[in-house]
Amino acid sequence: METPKNNDFFEQVYQVVHLIPKGRATSYGAIAKYLGSARSSRMVGWAMNTAHSRPEIPAHRVVNRNGMLTGKMHFGSPTRMQELLEGEGIQVENDQIINFTELFWNPQEELKL
DNA sequence: CACTTGACTTATT
DNA sequence: TAATAAGCCAAGT
């Protein structure tokens with residue numbers, strides 16, 4: 001308790017990302033907004049970058065608001081993210097998720113308080 | 001210690 | 001409708 005500061009922002013991101021069901025995807029802004037700051041979406045991206053320190057962060061299920069695999073280049077291979085998504089049943093075309101609107105997993109509705 | 005970059009999003013021109 | 005500006009905050013240089 002002598003640490004009232006909330007550095008758990010990244011931890012929150014890890015939790016939410018880890019809660020994404022298989023075959024679904026969400027956006028950085030959705031997570032950030034769920035945490036209370038829609039404009040902190042960059043921090044979610046930074047959290048993903050640091051997520052490499054975490055073993056089971058399905059970052060491939062997190063894409064930008066267009067459903068485009070913006071972070072694909074940060075995986076081992078530029079096609080790794082797409083392979084992972086397709087491996088979960090998500091259709092990806094031209095680095096963009098098909099039916100992203102239907103696959104969109106909103107933490108505010110699924111994890112709504 | 002100050003400036004730049006970055007897995008984004010929204011608003012304005 | 002498309003392009004540009006601003007906002008957010010942390011880490012890297």
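Here is how names work: the chains are called A, B, and so on, in the same order as the sequence lines, proteins then strands, and each is numbered from 1. Atoms considered below: every heavy atom in the structure, side chains included; atoms not considered: hydrogens, waters and symmetry mates.
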Between B/dT5 and C/dA5, how many Å separate the two P atoms, rounded to a whole number?
16 Å

For residues 43-52 of chain A, which residues have at least one heavy atom under 4.0 Å from DNA chain C?
A/Met43, A/Trp46

So what's C/dG7 paired with, Watson-Crick or G-U wobble, going by both distances under 3.5 Å?
B/dC8

Can you confirm whether A/Glu86 is buried at CD, in the sense that more than 12 heavy atoms of other residues, nucleotides or ligands lie under 6.0 Å from that atom?
yes

Length of the NZ-P vector between A/Lys33 and B/dT9, whole Å:
12 Å

Cationic N near anionic O, under 4.0 Å, A/Glu88 to A/Arg61
yes

Starting from C1' on B/dA7, measure out to CG on A/Leu84 and report it in whole angstrom.
15 Å

Any donor-acceptor pair under 3.5 Å from A/Asn64 side chain to A/Gly67 backbone:
yes

A/Ile57 has an atom CD1; how far is it from atom P of B/dA7, in whole Å?
18 Å

Whole-Å distance separating the CZ atom of A/Arg80 from the P atom of B/dA7:
18 Å

Side chains of A/Tyr14 and A/Ser53: any donor to acceptor distance under 3.5 Å?
no

Note: contacts of residues 12-31 of chain A with DNA chain B (heavy atom, under 4.0 Å) are A/Ser27, A/Tyr28, A/Gly29

Proximity to DNA chain B (any heavy atom under 4.0 Å), residues of residues 66-75 of chain A only
A/Thr70, A/Gly71, A/His74, A/Phe75

side-chain contact (heavy atoms from CB on, under 4.5 Å) partner of A/Gln82, chosen from A/Asn94, A/Val92, A/Ile90
A/Val92

Shortest non-hydrogen contact from A/Phe100 to A/Val63?
CE1-CG2, 3.5 Å

